[in-house]
> 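Before I ask anything, let me first share the structure, which is written out below as structure tokens.
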Amino acid sequence: MSEQIINVHTSAVPGVAATSGFPVRVAKTRTRTATGRRLRDNLGLAGVYVFLGIMTLFALFPIYFVIQASLADTQTLYSTTLALFPSKPTLGNYQYVLGQTAFLHWIGNSLYVCSLSTVIGLFSAIFGAYALSRFRFKGRQMTLVALLALQAFPGLLALTAYYLLLQQIHLINTLEGLALVYGAGSIVFSIWNIKGYFDTLPGELEEAAIVDGASTLKTFWQIMLPLALPAIAASALLNFIGGWSEYALANLIITSVDATNTNYTFPLGMFSLQNDFRTPWGYFAAASVLASIPLMALFLWLQRYFQSGLTIGSVKG
Amino acid sequence: MLRVRRYTIFLFLLPTTLLVLLINIWPLVYTFNLSFTNKSLFRYDDYSYIGLKNYTDVLGSLHSDFYRVILLTLLYVAVCVSLFLLIGLATALALNNKRIKGLAFWRLAIILPWTIPSVISALVWKFFFNYDFGVINQFIRIFAGPKGGIEWLNGSGFTAFFAVVIVNIWLSYPFFTVIILGALQSVPAELTEAAEVDGATSVQRFMNVTLPLLRPAITPATILSAITTFQMFNTVYLITLGGPIDNPGHPGATTFVMIYMYKQVIGQGVTNTPYGYIAAVAVVIFVILFLMTLASLRASNVVSEVRR
């Protein structure tokens with residue numbers, strides 16, 4: 001009510017309004033609260049920037065530290081005082097890691113194990129995922145529930161069983177055996193993720209192909225599979241990364257066969273490199289940088305692809 | 001839905017079924033069976049069925065190592081997950097602020113730790129916590145003088161526990177930032193604006209309008225993260241090996257469930273690996289994980305998807 005009156009006042013006689021007491025007072029308080037709010041907002045904004053700055057420092061400092069440590073000489077690293085810049089930058093650590101350790105073997109072994117386990121897991125997952133999405137058969141629902149239960153069972157819990165299984169089929173202390181165990185971990189997730197993606201593809205696609213005389217297998221292989229590529233790629237990447245950092249099962253299944261541990265996977269090798277305090281830490285840092293950069297680049301490159309393949313497939317509603 | 005002949009369905013299911021039977025179901029069934037036996041390294045072939053003896057060993061006494069380990073793990077899960085949530089929420093709200101410039105940079109900076117192989121992160125942090133040469137003690141010495149520093153990993157259980165909490169936060173909160181930011185961006189601006197017009201303060205707007213709308217995204221992420229933290233092995237084991245251990249032969253301050261089980265196999269001082277006992281521990285952990293998974297499914301409505 002009073003607001004209306006003020007409005008009438010100010011709009012009716014804009015020039016004179018300032019001289020009459022009432023509207024002026026309103027105008028004054030309004031500007032005062034406006035500056036107050038602006039100040040508070042700016043303080044708030046500064047606070048947000050400080051907070052983001054601290055979080056960024058927390059996130060990036062370890063990364064920065066490892067990069068500079070990889071360039072530092074040994075004396076600098078084994079000092080009890082803080083040094084954030086290498087005084088005499090050197091590539092010696094990289095030369096040592098590439099030349100004197102089995103680093104490239106570890107990377108190669110891990111690439112092999114992760115690729116093999118991804119192929120094993122995905123190849124068997126895609127057919128099952130398609131069948132579970134498109135066909136209706138007895139026990140379908142039970143299968144889906146059983147797969148969920150299996151997903152709650154991490155491979156590490158069955159370590160005795162895996163050890164025995166690999167012994168029976170003569171794959172103990174082999175990279176193939178390790179890949180088989182990793183495949184077990186990836187297959188269940190892949191089935192669910194890819195099945196969820198197939199669910200979102202319209203059924204008319206296959207119906208049209210089958211009317212044209214294509215077989216079910218041909219329809220699946222040539223039409224549906226290429227369409228599900230985002231979900232397959234996302235599953236592949238997750239499986240791959242899962243195996244890339246796995247230590248516990250690898251430590252049980254793989255035993256070193258020589259002095260430089262050429263048959264180790266990457267996590268085993270990195271642990272052996274760091275756990276041994278006779279080995280300078282700069283070597284470990286250089287190896288970390290070498291191993292992280294390709295993965296970081298891959299992740300950033302695949303990020304968008306990766307998100308759509310995951311969100312559409314598995315996280316619905 | 002496609003109408004196909006029965007053998008086509010059979011052929012499609014065959015590769016999946018065979019592999020799942022071999023590498024998923026058989027190990028599970030074997031472990032379950034093993035948990036009723038007294039098989040050990042010394043009784044590798046001449047073991048016998050001993051009923052529920054292993055389970056009473058694991059669960060029978062409230063003073064057993066196992067309960068201690070479970071409680072310690074649950075404490076770790078509670079501390080970690082609530083900090084993930086808090087920090088994830090704070091960073092997401094900060095990034096969602098329309099007046100913040102350079103969003104792409106901050107976002108990238110905050111999720112970058114995610115892209116590093118966790119084995120490297122763990123070992124780097126282990127070096128950071130090193131008493132003599134670690135960055136954290138070097139930093140403390142700037143203020144406390146050359147004799148300063150904390151024996152993080154080999155001193156008290158509390159500091160080692162604190163250390164693995166910090167590392168897990170570094171590794172995991174970006175997941176919450178991404179999830180919550182996504183949910184925040186889907187909250188219609190009209191709703192908060194309407195609340196503002198009605199005179200709600202920013203705290204009221206957040207508690208009564210924004211937060212309830214975030215719940216569908218936060219709840220499954222929280223449960224999922226509780227599950228992964230509960231079964232966390234790699235990171236903690238690589239940093240502390242489950243230690244420090246005050247009481248030899250018993251679990252240490254960071255011996256969480258998976259580490260406890262693992263150390264029964266390869267731990268120092270284990271001469272006669274008790275396979276039956278280990279299997280019983282595994283079955284109990286499986287039951288806990290299964291219940292947590294069910295809760296997460298209920299929260300994210302996947303169960304209704306199965307029924308479709």
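Every chain is numbered from 1, with letters handed out A, B, ... down the list of sequences.
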> Under 4.5 Å heavy-atom distance to chain B, tell me which part of A:L156 shows up: side chain, backbone, both or neither.
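Both parts, backbone and side chain.
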> Give, as side chain, backbone, both or neither, the part of A:Y247 having an atom under 4.5 angstrom from any heavy atom of chain B.
both
> For B:N24, is it the side chain, the backbone, both or neither that has a heavy atom under 4.5 Å from a heavy atom of chain A?
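Looking at B:N24, backbone and side chain both touch chain A.
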> Go through the steps for B:T8 and A:T216 under the test side-chain hydrogen bond (donor to acceptor under 3.5 Å, both in side chains), then give the verdict.
CA-CA 8 Å; B:T8 315; A:T216 316; 5.0 Å; no
> Select one option (side chain, backbone, both, neither) describing which atoms of A:V188 are under 4.5 Å from chain B's heavy atoms.
side chain
> With only heavy atoms counted, which part of B:F286 is less than 4.5 Å from chain A, the side chain, the backbone, both or neither?
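For B:F286, the contact with chain A is made by backbone and side chain together.
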> Using non-hydrogen atoms only, which part of B:L34 is less than 4.5 Å away from chain A: side chain, backbone, both, or neither?
side chain
> Looking at A:W244, A:F123, A:F137, which makes the most heavy-atom pairs under 4.5 Å with chain B?
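Top option by heavy-atom pairs under 4.5 Å: A:F137.
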> Under a 4.5 Å cutoff for heavy-atom pairs, which residue among A:A248, A:S288, A:A158 has the most contacts with chain B?
A:A248
> Need one label for A:L52: side chain, backbone, both or neither, based on atoms under 4.5 Å from any heavy atom in chain B.
both
> What part of B:A279 lies closer than 4.5 angstrom to a heavy atom of chain A: side chain, backbone, both or neither?
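Answer is neither: B:A279 stays 4.5 Å or more from chain A.
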> Where on A:L150 is there a heavy atom nearer than 4.5 Å to chain B: the side chain, the backbone, both, or neither?
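When you check distances to chain B, only side chain atoms of A:L150 fall under 4.5 Å.
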> Can you tell me which portion of B:V265 sits under 4.5 Å from chain A's heavy atoms? Options are side chain, backbone, both or neither.
side chain
> Considering only heavy atoms, which portion of A:I120 lies under 4.5 Å from any heavy atom of chain B: side chain, backbone, both, or neither?
both
> Using non-hydrogen atoms and a 4.5 Å limit, figure out which bit of A:F58 sits close to chain B: side chain, backbone, both or neither.
both
> Run the side-chain hydrogen bond (donor to acceptor under 3.5 Å, both in side chains) test on B:Q264 and B:Y277 for me, step by step, so that the C-alpha distance in whole Å, both residues' side-chain angles and the decisive distance to 0.1 Å come before the verdict.
CA-CA 9 Å; B:Q264 302 288 325; B:Y277 178 82; 5.3 Å; no
> Given heavy-atom pairs under 4.5 angstrom as the criterion, report whether the side chain, backbone, both or neither of B:F12 touches chain A.
both
> With a 4.5 angstrom heavy-atom cut-off, could you sort out which part of A:I126 is near chain B: side chain, backbone, both or neither?
neither
> Relative to chain A, which segment of B:T115 carries a heavy atom at a distance below 4.5 Å: side chain, backbone, both, or neither?
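For B:T115, the contact with chain A is made by backbone and side chain together.
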> So what's closer than 4.5 Å to chain A heavy atoms on B:F233: side chain, backbone, both or neither?
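Contact with chain A involves the side chain of B:F233 alone.
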> May I ask you to check whether B:F127 and A:F284 place their ring centers less than 6.0 Å from one another?
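Not under 6.0 Å, so no.
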> What part of B:I142 lies closer than 4.5 angstrom to a heavy atom of chain A: side chain, backbone, both or neither?
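Just the side chain, heavy atoms under 4.5 Å.
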> Pick from B:Y262, B:Y275, B:Y173: which one has the most heavy-atom pairs with chain A under 4.5 Å?
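Looking at each option in turn, the highest pair count goes to B:Y262.
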